[in-house]
Number of protein chains: 4
Amino acid sequence: MSWNTFGRVLRFTTWGESHGPALGAVVDGCPPGLALSEEAIQPFLDARKPGQNRFTTQRQEPDQVRILSGTFEGKTTGTPISLMIENVDQRSKDYSDVARAYRPGHADYAYDAKYGFRDFRGGGRSSARETAARVAAGAVARLIVPEVTITAYVCQIGDDEIDRSAMNFAEIGNNPFFCPDSRAAKRWEEKIDAARKAGSSLGAVVECVAQGVPAGWGAPIYAKLDADLAAAMMGINAVKGVEIGDGFGAAALSGEANADPMRAGEDGDPEFTANHAGGIAGGISTGQPVVCRVAFKPTSSILTPVDTITRDGENTEIVTKGRHDPCVGIRGTPVVAAMMALVLADHKMLHRAQVAER
Amino acid sequence: MSWNTFGRVLRFTTWGESHGPALGAVVDGCPPGLALSEEAIQPFLDARKPGQNRFTTQRQEPDQVRILSGTFEGKTTGTPISLMIENVDQRSKDYSDVARAYRPGHADYAYDAKYGFRDFRGGGRSSARETAARVAAGAVARLIVPEVTITAYVCQIGDDEIDRSAMNFAEIGNNPFFCPDSRAAKRWEEKIDAARKAGSSLGAVVECVAQGVPAGWGAPIYAKLDADLAAAMMGINAVKGVEIGDGFGAAALSGEANADPMRAGEDGDPEFTANHAGGIAGGISTGQPVVCRVAFKPTSSILTPVDTITRDGENTEIVTKGRHDPCVGIRGTPVVAAMMALVLADHKMLHRAQVAER
Amino acid sequence: MSWNTFGRVLRFTTWGESHGPALGAVVDGCPPGLALSEEAIQPFLDARKPGQNRFTTQRQEPDQVRILSGTFEGKTTGTPISLMIENVDQRSKDYSDVARAYRPGHADYAYDAKYGFRDFRGGGRSSARETAARVAAGAVARLIVPEVTITAYVCQIGDDEIDRSAMNFAEIGNNPFFCPDSRAAKRWEEKIDAARKAGSSLGAVVECVAQGVPAGWGAPIYAKLDADLAAAMMGINAVKGVEIGDGFGAAALSGEANADPMRAGEDGDPEFTANHAGGIAGGISTGQPVVCRVAFKPTSSILTPVDTITRDGENTEIVTKGRHDPCVGIRGTPVVAAMMALVLADHKMLHRAQVAER
Amino acid sequence: MSWNTFGRVLRFTTWGESHGPALGAVVDGCPPGLALSEEAIQPFLDARKPGQNRFTTQRQEPDQVRILSGTFEGKTTGTPISLMIENVDQRSKDYSDVARAYRPGHADYAYDAKYGFRDFRGGGRSSARETAARVAAGAVARLIVPEVTITAYVCQIGDDEIDRSAMNFAEIGNNPFFCPDSRAAKRWEEKIDAARKAGSSLGAVVECVAQGVPAGWGAPIYAKLDADLAAAMMGINAVKGVEIGDGFGAAALSGEANADPMRAGEDGDPEFTANHAGGIAGGISTGQPVVCRVAFKPTSSILTPVDTITRDGENTEIVTKGRHDPCVGIRGTPVVAAMMALVLADHKMLHRAQVAER
């Protein structure tokens with residue numbers, strides 16, 4: 001099976017391969033009357049776009065989005081929004097290596113085992129290029145949750161974490177790593193350069209904070225806000241772990257240390273004096289910032305030869321040449337933000353379906 | 001909204017509150033002809049059952065399951081399987097505290113913010129008692145994946161991890177903690193006793209390994225096997241983090257260190273010389289063991305007073321008396337295993353829908 | 001596969017066999033705060049209940065509903081509502097005939113072909129007893145659409161139609177046939193008595209009108225209000241045809257004759273001077289009464305021997321003894337009304353998810 | 001809400017407006033390894049294409065399909081298949097009439113009531129042009145059910161029915177009406193010419209027969225094969241009624257007359273001596289031909305002025321100029337066939353998910 005639709009009320013479907021003519025998303029269920037233009041989507045795609053600096057893949061893709069349906073006179077109509085991004089730089093190259101042998105860590109073997117057949121050019125459907133379509137869909141989702149501010153940033157590359165006392169969201173746009181700590185950004189520059197030159201790669205941790213989410217979003221028991229976020233994030237290419245709030249750190253705390261005490265706020269809304277829970281309790285938002293952390297493995301494409309087998313079951317080794325991100329977590333950052341927007345927009349609409357009855 | 005159904009082809013729906021007359025699950029989509037009896041389900045419920053030793057809540061629930069539909073002459077018929085567990089020990093007590101003020105860390109405030117109304121007796125629908133229904137459903141799912149062996153165990157309580165070199169699956173049943181390391185189990189006994197006596201609580205990490213999963217299960221892009229596992233696990237009460245394979249540890253590795261090299265196996269199937277990926281690549285199983293790790297926060301119910309507010313927005317503090325697990329992660333272990341079985345069974349069926357065409 | 005859940009936002013799942021211990025429904029997604037009791041559901045079940053007069057099956061079932069979850073202090077909580085009806089009169093009889101040979105017109109052969117196995121007692125899951133669960137779920141749905149008045153009635157039995165000029169909704173409760181024309185009811189009495197005595201059976205047409213549905217419900221393109229109604233109605237046991245508005249009659253009209261002209265109403269809302277469309281255009285309600293017509297085939301259970309084959313493929317003939325409705329369309333009437341309520345409630349909630357944004 | 005996805009395992013999503021740049025479908029869940037090319041899809045689109053003779057709209061659309069994803073080296077890969085059809089002949093015209101006043105019988109008022117806003121050019125999303133995307137998706141579905149032969153034809157225009165004794169499937173392609181009775185086709189020619197010249201329109205009934213469907217497809221209770229067909233057909237533009245087998249005619253039969261007796265066949269499979277049921281019992285296919293009949297209302301676009309109101313609620317009248325089909329049922333025929341293929345393919349895959357277990 002393939003299953004290329006995400007969401008319950010706000011649903012989007014993506015399509016497209018790395019080296020096909022185009023890729024895209026159809027966003028269905030978007031409310032009518034929202035101002036939407038290609039210009040509103042493009043900046044999010046630009047943030048994810050490859051080839052912008054030496055720390056990412058050198059594939060040159062303008063990633064220009066076209067809106068093919070669902071708007072009229074600059075506004076959404078409530079009908080499906082078809083977004084298309086043409087592939088421009090599918091460099092013609094020799095794929096005989098990849099066609100013949102499996103790249104360890106990639107989806108090559110798994111796709112073959114599943115489908116008996118695959119488009120091996122650039123990873124086909126398993127390429128992270130597919131995430132461009134998510135970012136475009138995420139830009140639509142943001143229109144549905146204007147009350148929410150979503151900030152995503154890299155908080156660790158390799159084993160090098162940011163200094164949280166030096167964290168400044170204003171710094172995120174000042175470096176090519178979405179890093180909120182200017183000193184860490186400096187260190188990472190060297191680190192990634194070294195990895196790139198060595199033909200090696202690095203993992204990363206991305207953090208995402210959504211401020212302004214009101215209390216009450218999330219659909220227990222099997223569409224909990226945190227469960228849907230976990231699925232959304234774990235489904236991003238190269239992701240191996242997801243945490244909400246303190247995450248694995250919470251396992252080491254006592255109940256007292258992990259409590260998020262509440263106090264009456266001035267406006268009648270409660271205030272919390274801690275946020276170990278990351279803004280979600282019982283699968284429902286509490287009104288605190290929603291905090292999510294996502295672990296990206298190092299890019300599997302490395303220049304060091306790795307043992308593998310051919311499709312015919314013969315032992316061999318493979319070197320993954322080509323244009324690759326030395327640290328996929330970096331360009332994964334706008335994707336994390338997009339998935340956060342998509343999950344929150346879906347849950348806002350889902351919530352509204354029910355509670356207006358009160 | 002509430003959303004109490006999980007799964008795509010094998011679907012189950014749970015219902016019931018902590019202090020209602022009963023709780024249950026309806027399992028839909030199960031293939032016909034599988035031998036199913038109440039006796040086959042009961043042992044899984046018994047493993048999760050409360051009141052079995054001093055390390056868990058003293059609520060006495062026999063958790064006897066009844067099959068109300070979907071079988072005939074001891075076999076599944078392909079029609080929905082209705083499973084019911086009666087609540088027996090809903091001790092009548094004074095709930096005025098909980099009705100009046102929110103217990104921090106519980107879903108009390110979030111449910112109220114969402115629904116404007118809640119069954120506050122024992123946490124109502126947000127109680128971990130609901131997971132009994134998942135365990136019953138999971139026992140049905142296991143029948144669908146007889147080729148898979150699922151083992152779940154606690155690998156960390158508080159900050160105290162097992163010694164992986166001393167890990168022995170045969171030990172798991174020999175202690176009340178589902179611990180595969182007998183020396184760690186000893187240490188935990190003291191640790192939990194101390195927490196229990198202090199009215200405090202502890203977090204835990206549960207690991208789950210599924211052996212025998214063939215390559216090819218998982219539905220890219222938005223029903224990836226790892227994404228569905230992440231949702232399944234993050235949706236368990238008190239869970240705050242999920243990892244597949246090396247998880248967050250992978251973020252600190254280089255591409256070379258994280259590679260899972262492949263070698264030709266004797267039977268033609270590939271062998272892997274490492275499993276950093278936890279048995280999943282590109283959202284599809286690789287044939288290696290599927291490895292998942294789940295972080296449970298410490299129980300929010302503690303005897304130390306915590307600052308909170310009343311429903312009327314007044315400051316107060318609350319002590320959560322009653323019968324509680326000092327470490328919910330322990331009884332969460334059979335739930336993790338059940339969710340693994342449910343996700344795998346669903347994906348086996350989903351996979352079969354498509355590939356039989358080949 | 002079996003697929004026992006219906007609906008998109010308001011979803012219900014039914015379970016249970018004709019001769020199992022019980023049957024039931026889990027209604028999920030119901031808004032919180034609605035007054036719900038067993039007493040509110042029971043009258044709808046009573047209307048469908050067997051054994052009330054000589055024109056329906058003599059199986060004696062009290063069809064008492066129990067609410068097992070989802071309410072607190074007499075109100076819905078927003079969590080799943082589990083409804084259970086115990087089977088009381090599963091008369092023990094000799095099923096060897098039905099076990100051995102297929103009853104033509106019943107689902108016997110189809111279930112065997114699908115599942116290779118079936119509960120043959122009373123038709124098992126394919127029995128119309130399952131519709132009791134829908135009627136119970138429908139009673140919950142009605143709470144969500146209090147602005148709508150749903151009226152269902154039999155408008156034809158065999159080839160004998162009501163006189164529409166003599167139609168009076170107040171008559172519907174005055175005869176055992178849900179007939180709005182007292183003279184037709186008289187004729188039908190004789191007709192059905194004759195069929196019953198001859199061991200024969202009759203078909204029927206049921207009409208359902210929903211007044212008070214506002215303009216705007218329905219989700220184009222693939223969850224159109226009329227398409228969802230068609231699925232809901234065609235899925236009722238013994239139904240073979242569904243019409244909206246003029247239905248097949250519209251095929252014989254000219255565009256001029258089929259037009260539903262609009263006029264400005266006094267309150268600003270438009271008025272229509274005809275309703276050929278049955279209250280739905282483009283899959284969306286227009287504010288006119290929603291009108292649906294449903295054809296029930298004659299009961300397949302007849303005393304005349306019919307040619308059939310055994311499970312082993314031998315020719316034989318079968319007589320369907322037992323307690324059966326001579327005209328299943330009659331007791332199908334409350335089921336039609338229940339499905340109308342369930343579809344409308346789902347679409348009200350679905351609509352609300354999106355348009356509150358405006 | 002809008003809901004533009006259909007299907008459970010084989011799912012397709014359509015997008016696009018009548019006068020936007022393009023329209024399309026994303027087909028998800030298709031098995032890998034099936035030969036698929038644009039040439040294989042095009043004939044089905046050509047059969048539905050407008051402007052081919054004087055009996056259909058004169059809009060000139062080549063309806064050339066492009067496959068943008070999901071195939072590699074001429075075969076499906078198991079990943080989503082994106083199909084795009086560019087709009088070429090969106091004649092620029094004056095839409096001020098339609099923008100200002102509602103066309104009775106069209107979706108104009110309903111869309112406005114729902115969305116508060118609509119793309120009024122050519123009916124926007126509610127235009128029957130959307131069905132081109134279904135036909136393209138249906139061509140993919142046919143690859144999944146090669147064992148099935150689907151034949152759709154018009155059996156009635158206005159009140160003029162074909163002579164069933166003169167029915168010959170070979171005639172269907174010999175006239176512009178998909179008519180299997182050559183004499184009826186002659187009569188219809190005059191009939192439609194007259195309607196066209198008078199600026200009037202005609203309704204029609206389309207029949208669809210699927211031969212070769214094995215026994216066992218269909219998912220009781222709420223995804224019955226007939227219920228899914230009913231939804232699929234009722235969701236086609238202008239459809240007001242759906243029948244399976246004898247449909248409404250069955251309501252007038254006695255149980256004896258409606259029985260489909262079974263006899264042992266030579267190959268061990270049962271044979272039926274009648275097919276009143278239209279190949280479906282209990283929601284599951286019986287192995288007999290699946291027979292479905294669909295009523296299309298007359299086109300609402302007529303040259304006779306009809307009373308209506310403006311968006312501002314003023315009384316007015318409207319004449320629907322422009323290029324329209326005098327009988328939409330004709331070009332609806334390939335759409336009916338496409339939906340049959342899509343439902344059958346979905347159910348084949350759904351069935352396979354479960355029963356391979358046996």
Side-chain angles (χ1 to χ4, degrees), chain A residues 1-5 7 9-34 66-73 75-84 86-87 99 111-112 114-121 124-126 130 133 349 353, chain D residues 1-5 7 9-34 66-73 75-84 86-87 99 111-112 114-121 124-126 130 133 349 353:
Chain A
M1 279 303 303
S2 77
W3 200 283
N4 294 275
T5 299
V9 169
L10 181 76
R11 281 149 288 116
F12 70 97
T13 302
T14 69
W15 55 269
E17 276 80 37
S18 172
H19 284 54
L23 51 87
V26 182
V27 182
D28 196 13
C30 180
L34 305 175
R66 272 189 73 197
I67 300 176
L68 295 176
S69 70
T71 63
F72 183 57
E73 299 180 343
K75 286 188 179 167
T76 59
T77 55
T79 61
I81 300 164
S82 179
L83 305 170
M84 185 167 75
E86 285 182 69
N87 285 325
Y111 265 67
D112 241 12
K114 181 170 200 67
Y115 299 115
F117 186 70
R118 73 194 152 95
D119 177 353
F120 44 72
R121 299 165 307 160
R125 181 73 182 149
S126 71
E130 185 269 347
M349 294 178 73
Chain D
M1 278 302 302
S2 75
W3 200 283
N4 294 277
T5 299
V9 170
L10 181 76
R11 281 149 288 117
F12 70 96
T13 302
T14 69
W15 55 269
E17 276 82 35
S18 173
H19 283 55
L23 51 88
V26 183
V27 182
D28 196 13
C30 181
L34 305 176
R66 274 188 73 196
I67 300 176
L68 295 176
S69 69
T71 63
F72 183 58
E73 299 180 343
K75 286 188 177 166
T76 59
T77 55
T79 61
I81 300 164
S82 179
L83 305 170
M84 185 168 74
E86 285 182 70
N87 285 325
Y111 265 67
D112 240 13
K114 180 169 200 70
Y115 298 115
F117 185 72
R118 72 194 152 94
D119 177 353
F120 44 73
R121 299 165 307 160
R125 180 72 181 150
S126 71
E130 185 270 345
M349 294 177 72

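By convention in this document, chain letters (A, B, ...) are assigned in the order of the sequence lines, proteins followed by strands, and residues within each chain are numbered from 1.
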Are any non-hydrogen side-chain atoms of [X] and [Y] less than 4.5 angstrom apart?
X	Y	value
A/Pro21	D/Arg66	yes
A/Leu68	D/Trp15	yes
D/Ser69	A/Arg125	no

Closest approach of D/Asp119 to A/Thr77 (non-hydrogen atoms, all atoms of both residues): N-CG2, 4.4 Å
For residues D/Pro80 and A/Asn4, report the shortest heavy-atom separation together with the two atoms involved. CD-ND2, 3.2 Å
Output the distance between atom OH (D/Tyr115) and atom OG1 (A/Thr79), rounded to the nearest 0.5 Å. 7.0 Å
Quick one: of A/Ile67, A/Val9, A/Leu23, who has the most non-hydrogen atom pairs under 4.5 Å with chain D? A/Val9
In terms of heavy-atom pairs under 4.5 Å with chain A, which of D/Phe120, D/Phe72, D/Phe117 leads? D/Phe72
Is A/Thr13 close to chain D through its backbone or its side chain, or both, or neither, when contacts mean heavy atoms under 4.5 Å? side chain
The salt bridge (charged side-chain N to carboxylate O under 4.0 Å, His left out) partners of D/Arg118 (sequence neighbours excluded) come to D/Asp108, D/Asp112
Whether D/Ser2 side chain and A/Asp28 backbone form a donor-acceptor pair below 3.5 Å: no
